[in-house]
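Here is the structure we will look at.
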Protein chains: 2
Amino acid sequence: MDLTSVRGAATIEEVAARAGVSRSTVSRVVNGSTAVSPSALEAVRRAIDELQYVPNRAARSLASRQTRAIALVIPEQTDRFFGDPFFASIVAGIGEVIGESDYIMNMLIASDDASAKALGYLRGGSVDGAIVASHHTSDTFLDRVADVVPVVYGGRPARVRADDYYVDVDNVEGGRVATAYLLARGHRRVATVSGPSDMPAGIDRLHGFRNAMAEAGLEPAAVENGDFTEMGGALAMNRILSSGVTPEAVFVASDLMARGVYTVLRDKGLEPGRDVAVMGFDDSAVSTALTPSLTTVRQPSLTQGRHMASVLLDILAGRPAAHATILPIEVVERDSA
Amino acid sequence: MDLTSVRGAATIEEVAARAGVSRSTVSRVVNGSTAVSPSALEAVRRAIDELQYVPNRAARSLASRQTRAIALVIPEQTDRFFGDPFFASIVAGIGEVIGESDYIMNMLIASDDASAKALGYLRGGSVDGAIVASHHTSDTFLDRVADVVPVVYGGRPARVRADDYYVDVDNVEGGRVATAYLLARGHRRVATVSGPSDMPAGIDRLHGFRNAMAEAGLEPAAVENGDFTEMGGALAMNRILSSGVTPEAVFVASDLMARGVYTVLRDKGLEPGRDVAVMGFDDSAVSTALTPSLTTVRQPSLTQGRHMASVLLDILAGRPAAHATILPIEVVERDSA
DNA sequence: GTGAAAGCGCTAACAC
DNA sequence: GTGTTAGCGCTTTCAC
């Protein structure tokens with residue numbers, strides 16, 4: 001490309017001149033105002049077309065104090081983000097809704113080392129609002145984003161502030177029903193591979209597990225953290241088995257971790273679903289890809305994504321929006337438990 | 001959050017007033033100019049800190065004609081993008097390099113229906129340059145992006161224009177060595193599951209396959225398109241088997257598709273690696289996750305991502321950059337062939 | 001229905 | 001080393 005062409009990009013002024021009207025009229029046409037005569041409208045449209053005019057976003061947002069852009073902030077390492085199909089669903093849901101709006105969505109991978117830059121970007125007025133997918137206790141920079149633009153969280157934030165918005169499922173309940181399901185099948189030696197302890201989703205599902213066990217008057221056979229990754233799940237299951245206990249059933253706090261659990265189980269000569277019942281969480285793509293297919297707790301990730309986006313759109317449009325949206329979960333029975 | 005706080009964001013003017021200097025001096029400090037006295041510098045810094053000042057990006061970019069942002073354009077459906085670990089590596093590589101620069105990177109998922117909006121965004125001066133990961137023949141909107149900002153393509157574009165930049169591997173050669181490897185092991189009935197015919201990578205690997213077969217005086221046992229997806233790979237392998245031919249070996253043009261191939265093979269009672277040799281392409285995370293581990297053609301995706309980013313950074317900085325960068329490939333021998 | 005004019009918050013000559 | 005002065009390209013009153 002030719003760098004001069006950047007400078008040469010048509011301005012509203014040129015369009016106006018060509019169409020024989022004022023800047024204001026062009027602006028009205030571009031912004032869809034009705035108060036324009038048919039002839040002017042036609043002239044402007046043609047000029048825009050001929051000049052390939054695209055309004056300069058910076059100028060526009062400087063004048064209007066709006067960017068018509070929202071950020072999808074991913075406070076994760078790249079590999080974890082791409083490794084878990086859960087994020088794919090969330091993003092797809094968000095993208096779907098934002099796609100129908102006139103906002104543009106840009107994804108920002110804000111892993112630890114990139115968070116300072118991301119913060120500057122977000123606070124520098126580059127977007128009108130932000131959606132935060134996945135949230136860790138340590139992500140304190142997010143608070144400073146929320147000071148400046150509306151933020152919608154995917155999952156309840158670690159510290160909920162009065163005017164936070166979030167879309168979530170009841171993870172405590174999810175952990176509970178998952179465990180209760182296992183218990184109802186007659187299992188007594190039940191272990192769990194939990195999610196990270198710096199994420200509400202991880203903490204809550206573990207709570208649910210403990211609650212269900214306590215209600216049944218049982219002690220957990222084992223509790224190991226798997227960090228929501230396949231490898232972490234494998235490692236956790238390995239620790240459980242190495243410690244000498246072979247559970248009858250294990251509640252794994254994410255489908256992806258369950259994949260790791262399967263691998264380790266088989267490594268030790270244990271067949272998932274037959275020798276050890278396995279219950280997942282998410283109902284993501286991996287649950288059906290696994291053999292035997294994974295019995296799991298379904299959380300509607302796509303819907304969750306859609307909700308997050310519409311809540312943000314509502315806020316941006318000045319419409320009332322619910323601060324907390326809790327979506328329903330359900331056990332999906334398959335072959336592993 | 002409080003909407004008034006947005007309007008209340010400190011401006012350079014306020015910082016200047018508080019520090020007792022002019023706007024220019026503040027600007028100099030913010031932009032790291034050396035020509036500022038220590039006392040002024042100190043005063044400005046304190047003011048910035050107290051006011052939590054963050055320069056307004058729109059104003060800045062309007063005045064400087066630079067955005068200090070680059071776009072990572074993904075012309076794919078969300079699920080394909082997230083489904084293939086190849087993209088994860090590319091993005092990680094790009095992110096790594098951009099992360100060290102003072103540019104911010106924002107990812108834009110520009111699937112068919114979103115491409116018009118993405119085009120407007122890209123042409124509206126929102127970014128200084130773009131990296132396009134994965135490129136289809138049908139993505140004509142990209143040409144119009146390249147008219148306005150520098151673009152670096154991941155993979156050779158369908159129609160290379162004189163001033164295009166891209167980073168790629170030699171896919172024809174990749175397909176050839178993969179097939180030659182299979183042939184060298186004594187296989188004669190060799191089939192291929194190819195990539196999409198609207199992507200140069202798909203076309204070229206198939207060419208390489210055909211070349212190698214022709215050189216050996218052999219006819220392909222079968223050629224089926226798998227669209228670079230796991231499901232597509234499974235379907236393609238299924239078509240091959242259903243047509244009555246059972247190849248001794250199959251060159252699958254991506255690791256992800258090979259996963260689908262494994263599944264179908266086993267479904268038909270054929271063990272990958274023993275009954276049918278399978279050769280992949282990518283050397284992505286799936287190749288080692290598979291059992292038996294996948295023999296494949298390694299393309300250095302992470303490096304590819306890094307290169308794309310540095311080429312773009314070079315262009316943006318006015319440094320000379322190579323239009324075509326071709327990275328080396330190699331066969332990685334594992335257990336499937 | 002349309003245009004003139006002010007100004008969004010910043011950078012970048014240009015003086016001093 | 002520092003301040004003054006023009007804009008950057010657009011939206012948005014406010015007259016007419």
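A note on names: the letters A, B, ... follow the listed sequences, proteins ahead of strands, and every chain is numbered from 1.
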Separation of atom [atom1] in [X] from atom [atom2] in [N], rounded to whole Å:
| X | N | atom1 | atom2 | result |
| --- | --- | --- | --- | --- |
| B:R23 | C:dA13 | CZ | C1' | 14 Å |
| B:E42 | D:dG1 | CD | C1' | 17 Å |
| B:I48 | C:dC10 | CD1 | P | 10 Å |
| A:L62 | C:dC10 | CG | C1' | 8 Å |
| A:N56 | C:dC8 | CG | P | 18 Å |
| A:I12 | D:dC8 | CD1 | P | 14 Å |
| A:Q66 | D:dG9 | CD | P | 21 Å |
| A:N31 | D:dC10 | CG | C1' | 9 Å |

query: Any luck finding a side-chain donor-acceptor pair between A:R60 and A:N31 under 3.5 Å?
result: yes
message: Can you confirm whether the side chains of B:D168 and B:Y153 place a donor and an acceptor under 3.5 Å from each other?
response: no
Is any side-chain nitrogen or oxygen of [X] closer than 4.0 Å to OP1 or OP2 of [N]?
| X | N | result |
| --- | --- | --- |
| B:S27 | C:dC10 | no |
| B:R60 | C:dT11 | yes |
| A:S64 | C:dC8 | no |
| B:S22 | D:dG3 | yes |

B:V91 vs B:M107 side-chain heavy atoms within contact, under 4.5 Å: yes
Mind checking if [X] touches a base, just sugar-phosphate, or nothing, with heavy atoms under 4.0 Å?
| X | answer |
| --- | --- |
| B:V21 | sugar-phosphate |
| B:S24 | base |
| B:R57 | nothing |
| A:A40 | sugar-phosphate |
| A:S37 | sugar-phosphate |

message: I'd like to know if B:R65 reaches the base of D:dG9 with its side chain, counting only an N/O donor and acceptor under 3.5 Å.
response: no
- prompt: Nearest nucleotide by nearest heavy atom, which residue falls closer to the 5' end of DNA chain C, B:R28 or B:V54?
  reply: B:V54
task: Using side chain to side chain contact (heavy atoms under 4.5 Å, CB included) as the criterion, point out the one residue from A:D128, A:I131, A:I98 that pairs with A:L312.
output: A:I131
query: If each of B:L41 and B:A63 is mapped to the nucleotide of DNA chain D with the nearest heavy atom, which maps nearer the 5' terminus, i.e. the 5' end?
result: B:L41
query: Should the pair B:R156 and B:Y166 be classed as cation-pi, given the thresholds of under 6.0 Å to the six-membered ring centre and 45° from the axis?
result: no
